[in-house]
There are 2 protein chains.
Amino acid sequence: MTQGTAKAARTPAVSRRAVLDAATRLVEAQGVAGLSMRKLAAELGVAVTSIYWHVGNREALLDELVQEMVHGLDALSPSGPDPTTRVLSLAVGLRRVLRDHPHLIGLVNERGLTPAMFLPSERALAAEITAAGLTGARAAEAVRAVQYHVIGFVLVERHTDRSPEQRPSAEELWQAELAAPPPAGAADSALARALAAPVDADRLFEISTGALVRALLAPSPPARET
Amino acid sequence: MTQGTAKAARTPAVSRRAVLDAATRLVEAQGVAGLSMRKLAAELGVAVTSIYWHVGNREALLDELVQEMVHGLDALSPSGPDPTTRVLSLAVGLRRVLRDHPHLIGLVNERGLTPAMFLPSERALAAEITAAGLTGARAAEAVRAVQYHVIGFVLVERHTDRSPEQRPSAEELWQAELAAPPPAGAADSALARALAAPVDADRLFEISTGALVRALLAPSPPARET
DNA sequence: CGCCGGGTGTAACAGGGTTACAGAAGGCTT
DNA sequence: AAGCCTTCTGTAACCCTGTTACACCCGGCG
């Protein structure tokens, strides 16, 4: 179904490509929830059934979008002199790609394509972490730790980005904390002031990822000595 | 609107509490998307408008649910002898609570209540990190790094949990990697085998969080010296 | 007694995904 | 050339969603 292998009969009003492009545009503009088959048809000046003809389904349409977007993740190559900075460069690149397609993670999540999506970066990470001297299960844990950290970070970022009006914002909450002097445990006013400031996501990512990677690639075993 | 302060006239068919409880049940069972006002009304044996009378809105209803659930996050207390293990215990507790309410994060996210939700844990983390010797901006960065890490980890976990059928599972992908010997960079077969195994989330969380916290609380400054 | 107001129900609106069905138009076979 | 077959489009409907205008019931109060 959907196209087959024969040639086009009449000159089509829309093509599968046009539908996919318009859908991409809609998703990028209004999010996944903003993609409706009727809106799509209206934007293309076409009846809804034509959409259904070219891409069979809303699910299938999203599937296709995800497949296309995921291919943008293949070109991740590390850079830097030592393994630590190379792993960090991979993490930074992965975050950048994920941030550039904010709806990608959600889509991939709904479609259950997460493993396939992250295989390329997983492979690159594995190579660098092997080069750093880790092997076997230790290396696998390090790979996954970095992956989870980066993906999770972007997910949190996306969450905070998507809610423009925070009822009691973190800033307000911590400024209230500053007002009431020392009844709770907020003794360090500099800390409270810093927590009242908005998050510098770039810097935070650099710091936390750097700390994680350095600790993971350190020679000492991951068990703590009290 | 919605109740006011007067006494009940006739014996009401449903109460605000009953609506909230039924809604909680529905959300826990079928997720946020599974909560529809009509389903809710049907389950309570009542017309839709009654739902609207007691809780004004779907948004308001979800708001209320979130408020109730968030209060379950207040009781997080650290345990352990040294700051590192105490911070780790906070991280573990936060992850446990979040995992126990899988829909909580999504709800809170949609409602923009994330800062309020995580203020208690933020406060506890700040206290422990201060006790570890960090101050001011450094301490704030550490607090947020741990927070982002834990929340992100749970988000990733939730994502992987919610998709039961992964088209090409990570296991299959890495086993295919094992079959083709050394054309790509997958030299370490033990690593590939480890990556082909399913993720042990508990262990991974312990390892990655431990590494992160230990690196963050280490005396050396977070800037890397190339 | 009549009025007021809390609480409920009926029915409708707009907007979503999806599809049964009819039709148009070119390519192909006979 | 006639006719069928396939591709593609449009109309109209079905069922779902959130939401609301309106009428209604019924206990308390003046």
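All heavy atoms count here, side chains included; hydrogens, waters and symmetry mates do not. The chains referred to below are lettered A, B, ... by the order of the sequence lines, with proteins before strands, and numbering in each begins at 1.
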**Message:** Looking at A/T209 and A/E206, would you say the former's side chain and the latter's main chain have a donor-acceptor pair under 3.5 Å?
**Reply:**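 Checking the backbone N and O of A/E206 against the side chain of A/T209, no donor-acceptor pair under 3.5 Å is found.
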What is the distance from [atom1] of [X] to [atom2] of [N], rounded to the nearest Å?
X: B/M37; N: D/dT19; atom1: CE; atom2: C1'; answer: 9 Å
X: A/L62; N: C/dG16; atom1: CG; atom2: P; answer: 15 Å
X: B/W53; N: C/dT10; atom1: CH2; atom2: C1'; answer: 18 Å
X: A/L35; N: C/dG15; atom1: CG; atom2: C1'; answer: 15 Å
X: B/I51; N: C/dG7; atom1: CD1; atom2: C1'; answer: 12 Å
X: B/R58; N: D/dT17; atom1: CZ; atom2: P; answer: 10 Å
X: A/K39; N: C/dG15; atom1: NZ; atom2: C1'; answer: 10 Å
X: A/L40; N: C/dG15; atom1: CG; atom2: C1'; answer: 16 Å

**Item:** salt bridge (charged side-chain N to carboxylate O under 4.0 Å, His left out) between A/R17 and A/D21, worked out
**Value:** CA-CA 6 Å; A/R17 259 269 51 87; A/D21 289 346; 2.8 Å; yes
**Request:** Measure across A/E157 and A/A201 and return the closest heavy-atom pair with its distance rounded to 0.1 Å.
**Result:** OE2-CB, 3.4 Å
**Asked** If we only count heavy atoms from C-beta on, is the B/V46 to B/V19 side-chain gap below 4.5 Å?
**Response** no
**Message:** Taking the side chain as everything from C-beta on, heavy atoms only, tell me whether B/L35 gets closer than 4.5 Å to B/R58.
**Reply:**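 A side-chain contact exists here, since the closest heavy-atom pair is under 4.5 Å.
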**B/R95 charged N/C atom sitting above B/F205 aromatic ring, 6.0 Å / 45°** =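 Pair B/R95/B/F205 counts as cation-pi.
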**Prompt:** Between B/H54 and C/dT8, does any side-chain N or O lie under 4.0 Å from OP1 or OP2?
**Reply:**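 Yes, within the criterion.
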**Message:** Below the 4.0 Å mark, does C/dG17 have OP1 or OP2 next to a side-chain nitrogen or oxygen of A/N57?
**Reply:**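 Answer is no, no contact under 4.0 Å.
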Might you list the N or O atoms of the protein lying below 3.5 Å from N or O atoms in nucleotides 11-16 of chain D, with each pair's distance?
| residue | atom | partner | partner atom | Å |
| --- | --- | --- | --- | --- |
| D/dA13 | N6 | A/R38 | NH2 | 3.4 |

**Donor + acceptor pair across side chains of B/H149, A/S208 (<3.5 Å)** = no
**Prompt:** Can you tell me how far CZ of A/R99 sits from CG of A/L94, rounded to the nearest 0.5 angstrom?
**Reply:**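 Rounded to the nearest 0.5 Å, the CG-CZ separation comes to 13.0 Å.
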**Message:** Nearest 0.5 Å, please: how far is CD1 in B/I51 from CG in B/L61?
**Reply:** 8.0 Å
**Message:** If a pair means Watson-Crick or G-U wobble with both distances below 3.5 Å, what does DNA chain C look like in dot-bracket form, with | marking bases paired to a different strand?
**Reply:** ||||||||||||||||||||||||||||||
